[in-house]
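Note sheet for the following structure.
Both counts, for ligands and for their atoms, begin at 1 and track the order of listing.
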Amino acid sequence: MGRIRILPDQVANKIAAGEVVERPASVVKELLENSLDAGSTSLRVEVESGGRRLIRIVDDGCGMLRDDALLAFERHATSKLRDVKDLLSISTLGFRGEALPSIASVSRLLLETRAAEETTGTRIEIAGGKMLRCEEAALGGGTVITVRDLFYNVPARRKFLRTEPTELAHIASLVTHYSLAHPEKTFLLTSGPTELLHVTPVATRKERVYQVFGSQVLDELVDIGVREREIYLPPPSVPASEAIAEYRREPGPDDDPPTRTFRLSGFFSRPQVQKSNRNSIYIFVNGRLIRDRLLLHAISSAYHNLMPPSCYPFALLFLECDAEEVDVNVHPSKTEVRFRHGSFIHDFVRDALRERLMESRPAPSFSPRTVEAAQPAARLPYSEFSQMMENEAPAAPAMVEVPEATQAPGPAEPAMPGFTLRPTAPPAPRLDFSAPPLEITPGPPPSGKLSRHLDAHGEFPPEAIPPPEISLSVLSDLRPLGQIHESFIIAAGRDGLWIIDQHVAHERILFEQVMKQRAAGRVEMQRLLMPMILQLTPEQQIDYARIAEELNASGFETEPFGNRTIAVKAAPANVGAADLEKILFEILEIAETELRGASLADLRRNICASIACRAAIKINMRLDAAKMEWLLRALAATDCPMSCPHGRPIAMHYSTREILKAFHRI
Ligand code: ADP
Ligand code: MG
């Protein structure tokens, strides 16, 4: 007898479950997707113990017919695909027919469902993949699936689960983001007696973002609006999909229009909001939440020179395209996709974000406004949220809204950042969903009306308070008042007070100037009296050979000079001889660490950024009034006055409104 055996279904299901059901949040994801595919308008998710003890999803979708309900637990049983050509144009979230049998094989599952066409419903109970009960039952329309004791029969898996708050955070993050993708539906998430998220239907995604995160976060975000780009399709002789080309549908007269449109919408944070990881980036492709390296890279490139390389933004992006443009059949958990025109989509997303970032030219302000009551589950994105929950006691009291009166006035945060002169210090992260609201002044402000009546210091005429101004275009009429620490320019503006970091401001001005000269092929150079000889390591030699041409075009006239040595004969006009060696090694280092494989445009930007940084006026340097004036005008004229090419903020704004609030005048 041979040694190969076909595995029984029960074993096969458990193996599949290994891929599909990684943790409680994966169960929630699969069940939510099923409910969405069933056309539900109201989705209720109940969990207990971070989903380990119980996960229940209640929907008002189409329900299942009795026969279907039984069939649904068979492997590869689905109502969403009929034949292989359907794989090319999947419009539902599910299609593999694996989720229900997989989940049922590693938990105790109860299905209660009734289709509109049937008068009675069906109740099915399964434990560890074994059917225990199947009966007719009087049920309302829609489907309820209850999953208890996840992994009760797979101890190895159970051991890998993180703490309950962590698992709950994953679930909350997931439900929150699906709720953002479907503003027209009701979502309710509860953990035991605590309501974590409850949103009712609204007309726009923006309103949903407001419902979930509150107005402060909305203010921190840039709305992409709707951006579109079309791709011209080559003649149909090119295979539609490498993987299943042989089954490709023959193109008919109405098929394959010569162009396809990609549509991008959503929200992303201003460059001042800096996260230490990618957990705050959510990408939906045709309504499906995915992780995709290509798109993550596109987002990072959009922030190139606006944010330090190891920082990430918050982003909530929705990409819509023809179903045939994206292959979702890549991994059983369906969180990865493959694009038919990957680099086109990459560039589209990068350009769309970058253009909007440039348009919005936002400025950071000093004080976060009081946080609008955001939903507890929405103190997201995930990283902060889970962090917060992991730091809490198991009962997760952080999930309960703290009433205003008992809220601490916030940690002893100074009204303005302390000015330690460390120009490389990263900016304080904003968009911090977990932090309690900060007050600019110590102690609570006197309450509203009464204090105003008693105020003998004179009312501030309301018309004198300009509407909050977030655009840096106001920089053009700033009046410099002086410097502090000979490093930061203090300026009065139409709306309040500004502090500008003179070094990074000048860096930005020079960066754009150098980039423009480079693009026009007219880089100003200065010849050195004596060529400078630099010794390279073998590795640097390789990198040098690769970037020599770009270096020359950027104003560094260099040539090989014997073994692993180069001679520098000229340098960009702004770079002093003293800095030349440092800057060249810096560029070689960039070439080595980041840019292997990166695009020429990125390399060019990095070279220009290095030149600008070296040539810019330093901190601890006295500037006279005329110089400060010039600097502010020149900064206002730049395309992107909000952050230096390395991503640090340039200007801080303390608005009139904030000043008035701090003095209890409003
Ligand atoms: P898939 O979603 O890939 O089809 P599943 O195992 O998740 O596979 O579900 C199997 C089938 O069960 C689905 O195709 C669908 O017909 C049915 N089903 C699952 N959940 C629901 C639900 N909440 N409402 C209605 N039908 C459902
Ligand atoms: Mg499914």
Worksheet item: Is there an N/O/S atom in N34 that lies less than 2.8 Å from the Mg ion (ligand 2)?
Response: yes
I need the atoms of ligand 1 closer than 4.0 Å to a non-hydrogen atom of [X], numbered in the order shown.
{"X": "T78", "result": "1 (P), 4 (O), 14 (O)"}
{"X": "A99", "result": "6 (O), 7 (O)"}
{"X": "G94", "result": "2 (O), 3 (O)"}
{"X": "R96", "result": "3 (O)"}
{"X": "A72", "result": "12 (O)"}
{"X": "A77", "result": "10 (C)"}

Nitrogen or oxygen of [X] less than 3.5 angstrom from that of ligand 1:
{"X": "E30", "result": "no"}
{"X": "F95", "result": "yes"}
{"X": "G97", "result": "yes"}

Worksheet item: Non-hydrogen atoms of G63 versus ligand 1: any pair closer than 4.0 Å?
Response: yes
Would you call [X] and [Y] a salt bridge, using N to O less than 4.0 angstrom?
{"X": "E320", "Y": "R263", "answer": "no"}
{"X": "R260", "Y": "E325", "answer": "yes"}
{"X": "R338", "Y": "E336", "answer": "no"}

Give me the residue, atom name and distance of the protein heavy atom closest to [atom].
{"atom": "atom 17 (C) of ligand 1", "result": "M64 SD, 3.9 Å"}
{"atom": "atom 7 (O) of ligand 1", "result": "N34 ND2, 2.8 Å"}
{"atom": "atom 6 (O) of ligand 1", "result": "L100 N, 2.9 Å"}
{"atom": "atom 25 (C) of ligand 1", "result": "A38 CB, 3.5 Å"}
{"atom": "atom 23 (N) of ligand 1", "result": "D59 OD2, 2.9 Å"}
{"atom": "atom 14 (O) of ligand 1", "result": "S79 N, 3.0 Å"}

Practice prompt. List the steps, then state whether side chain to side chain donor-acceptor pair (under 3.5 Å) holds for N286 with S91.
Written response: CA-CA 8 Å; N286 292 342; S91 59; over 6 Å; no
Practice prompt. Please check if the distance between the ring centroids of F151 and F160 is under 6.0 Å.
Written response: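 No - the distance between ring centres of F151 and F160 does not fall below the 6.0 Å cut-off.
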Discussion item. So which atom in S179 and which in V199 form the shortest heavy-atom distance, rounded to 0.1 Å?
Written reply: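 Closest heavy-atom pair between S179 and V199: CB-CG2, 4.1 Å.
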Item to complete: Give a yes or no on whether L7 atom CG has more than 12 heavy-atom contacts from other residues, nucleotides or ligands under 6.0 Å away.
Response: yes
Item to complete: Take the angle between the ring planes of H177 and Y282 and call it parallel below 30°, perpendicular above 60°, tilted in between.
Response: parallel
Item to complete: Describe, in one word, how the ring planes of Y303 and F268 are oriented to each other, choosing from parallel (under 30°), tilted (30 to 60°) and perpendicular (over 60°).
Response: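 Correct class here is perpendicular.
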Worksheet item: Does the ring of F318 carry R205 above it, NZ/CZ under 6.0 angstrom from centre and within 45° of its axis?
Response: yes
Fill in: From K206, E207, R208, residue fulfilling side-chain hydrogen bond (donor to acceptor under 3.5 Å, both in side chains) relative to T204
E207
